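One structure is given here, and the rest of the page talks about it.
Ligands are counted one by one from 1 in listed order, and the atoms in each one are counted from 1 as well. Just so we're clear, the structure is a prediction, and the values are computed from it rather than from any experiment.
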Amino acid sequence: MHRLDNKVAIITGAAQGIGAATARLFAREGAKVVINVRTDDDRAAALVQEIGPQNAMVFAADVADHAGVNAMIDATIARFGRVDVLVNNAGINVFNDPLKLTDEEWERCFAVDLKGVWHCCQAVLPHMLAAGAGSIVNIASVHGHKIIPGAFPYPVAKHGLIGLTRALGIQYAAQGVRVNSISPGLIMTPIAQTYFNSQPDPVAARQRQADLLPCKRIGEPEEVAYTALFLATDEARFINATDILIDGGRSQLYHE
Ligand code: NAP
């Protein structure tokens with residue numbers, strides 16, 4: 001018995017980081033997984049080999065591309081016959097000073113972090129509604145709750161994603177579909193490493209972030225994946241239209 005036996009899950013942006021950790025964990029718990037990647041490459045192929053090709057498939061689609069997302073859902077149904085869980089994980093950091101932001105940066109941020117999620121929800125919802133069951137888990141951010149100056153407009157998109165989660169969760173609650181989000185704090189993934197590497201002293205920058213956390217350590221991708229697993233399963237069947245913050249307590253800290 002596994003927690004996701006007989007379930008089919010699509011995880012977007014699953015080539016690395018939180019998405020890859022979620023795909024691995026879901027597969028270990030018995031799910032068939034669709035590994036969405038922006039562009040197909042060695043990372044996705046290695047992940048399929050690790051999970052086992054009978055239980056996983058890769059589909060390359062930019063979540064901002066509506067037609068590509070629709071094709072991914074069609075391919076999922078053709079291969080596995082159903083879709084029970086959607087984890088909208090694909091996301092990009094667009095951090096700028098508001099008055100230095102270009103239109104292109106604004107549009108790309110919203111196209112991936114908000115509209116891309118909507119494309120995936122729109123494509124899976126008819127299948128979940130027809131089945132009378134489904135769980136959608138959106139990876140938002142602590143930036144959807146708190147503001148860091150100079151990180152604009154990422155928090156605007158993540159606030160919107162939490163709003164989308166609530167709206168869809170309420171809309172479809174009576175038809176068996178739950179929609180929730182997870183708001184991670186700092187998690188040690190390639191995108192976080194890229195940020196540290198951009199700092200004059202990457203080791204000191206990482207230590208400074210760890211020191212800011214009440215638990216004095218940065219989160220791990222698998223810790224987000226376990227929260228997504230819980231929300232995906234029937235164990236969380238009364239949890240809907242809400243957000244789970246997982247940030248080691250940092251967002252509750254006033255000051256030390
Ligand atoms: P990551 O290491 O950058 O991984 C994100 C993945 O999403 C990458 O594999 C990327 O593909 C893919 N992706 C980006 N744009 C895409 C698109 N348009 N279509 C399909 N896939 C796309 O990031 P992460 O840290 O694991 O973050 C995952 C999610 O958690 C994001 O939504 C992020 O906002 C959120 N989050 C992260 C943290 C953190 O501290 N790490 C904290 C809060 C929230 P490529 O590799 O090909 O670019």
Q209 and R217: side-chain hydrogen bond (donor to acceptor under 3.5 Å, both in side chains), yes or no, with the steps? CA-CA 8 Å; Q209 286 298 323; R217 71 171 179 86; over 6 Å; no
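- Here H143 and F95 bring their ring centres to under 6.0 angstrom of each other.
- For R237, the CZ atom is loosely surrounded, since the number of other residues' heavy atoms within 6.0 Å does not exceed 12.
- Annotation for ligand 1: atoms under 4.0 Å from non-hydrogen atoms of I191 are 1 (P), 2 (O), 3 (O), 23 (O), 25 (O), 41 (N).
- For atom 32 (O) of ligand 1, the nearest non-hydrogen atom from the set N138, N89, V37 comes from N89.
- Inclusion of A64 in the set of residues having an N or O under 3.5 Å from an N or O of ligand 1 is not warranted.
- Heavy atoms of G116 stay at 4.0 angstrom or farther from ligand 1.
- Backbone and side-chain nitrogen or oxygen atoms of Q16 are examined, and one is located within less than 3.5 angstrom of a nitrogen or oxygen of ligand 1.
- When heavy-atom distances to ligand 1 are checked against a 4.0 Å cut-off, V224 has no atom that comes that close, whether in backbone or side chain.
- Each of the atoms 40 (O) of ligand 1 lies under 4.0 Å from some heavy atom of L186.
- Between the choices G91, G17, G19, A20, the shortest heavy-atom distance to atom 5 (C) of ligand 1 belongs to G91.
- Heavy-atom distances between R43 and ligand 1 reach below 4.0 Å in at least one pair.
- Residue A14 places every heavy atom at 4.0 Å or more from ligand 1.
- In V112, the part holding a heavy atom less than 4.0 Å from any atom of ligand 1 is the side chain.
- Residues D243 and S181 have side chains that bring a donor and an acceptor to within less than 3.5 angstrom of each other.
- For ligand 1, the atoms lying closer than 4.0 Å to a non-hydrogen atom of D62 are 17 (C), 18 (N), 19 (N).
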Pair L164, V117 - check side-chain contact (heavy atoms from CB on, under 4.5 Å), show working. CA-CA 9 Å; L164 177 142; V117 173; 4.1 Å; yes
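- Under 4.0 angstrom from ligand 1, the non-hydrogen atoms of I92 all belong to its side chain.
- Within the structure, ligand 1 has A61 among the residues with a heavy atom less than 4.0 angstrom away.
- Shortest contact from atom 11 (O) of ligand 1 to any protein heavy atom: R38 NE, 3.8 Å.
- Distances between N or O atoms of V63 and those of ligand 1 include at least one value under 3.5 Å.
- In M188, neither the side chain nor the backbone holds a heavy atom less than 4.0 Å from any atom of ligand 1.
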In sequence, state the C-alpha distance, the side-chain angles, and the governing distance for D5 and K7, and then conclude on salt bridge (Lys or Arg N to Asp or Glu O under 4.0 Å). CA-CA 6 Å; D5 278 340; K7 305 271 192 202; over 6 Å; no
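- Side chains of N89 and T12: no donor on one and acceptor on the other come within 3.5 Å.
- Within the listing of ligand 1, atoms 18 (N) sit less than 4.0 angstrom from a heavy atom of R108.
- Looking only at side-chain heavy atoms (C-beta outward), V87 and V85 come within less than 4.5 Å of each other.
- Under 4.0 Å from ligand 1, not a single heavy atom of A192 appears.
- Annotation: I187 places an N or O atom under 3.5 Å from an N or O atom of ligand 1; distance criterion only.
- In terms of protein heavy-atom proximity, atom 21 (N) of ligand 1 is closest to A90 CB, 3.5 Å.
- When the options G219, G13, A140 are ranked by their closest heavy atom to atom 44 (C) of ligand 1, first place goes to A140.
- Within the 4.0 Å heavy-atom shell around ligand 1 one does not find H143.
- Remark: E222 engages R28 in a salt bridge, criterion side-chain N to carboxylate O under 4.0 Å.
- For CZ of R43, the number of neighbouring non-hydrogen atoms (other residues, nucleotides, ligands) closer than 6.0 Å is greater than 12.
- For S141, no nitrogen or oxygen atom sits less than 3.5 Å from a nitrogen or oxygen atom of ligand 1, counting backbone and side chain alike.
- Close contacts between ligand 1 and I139 involve ligand atoms 29 (C), 30 (O), 32 (O), 35 (C) [criterion: under 4.0 Å to a heavy atom].
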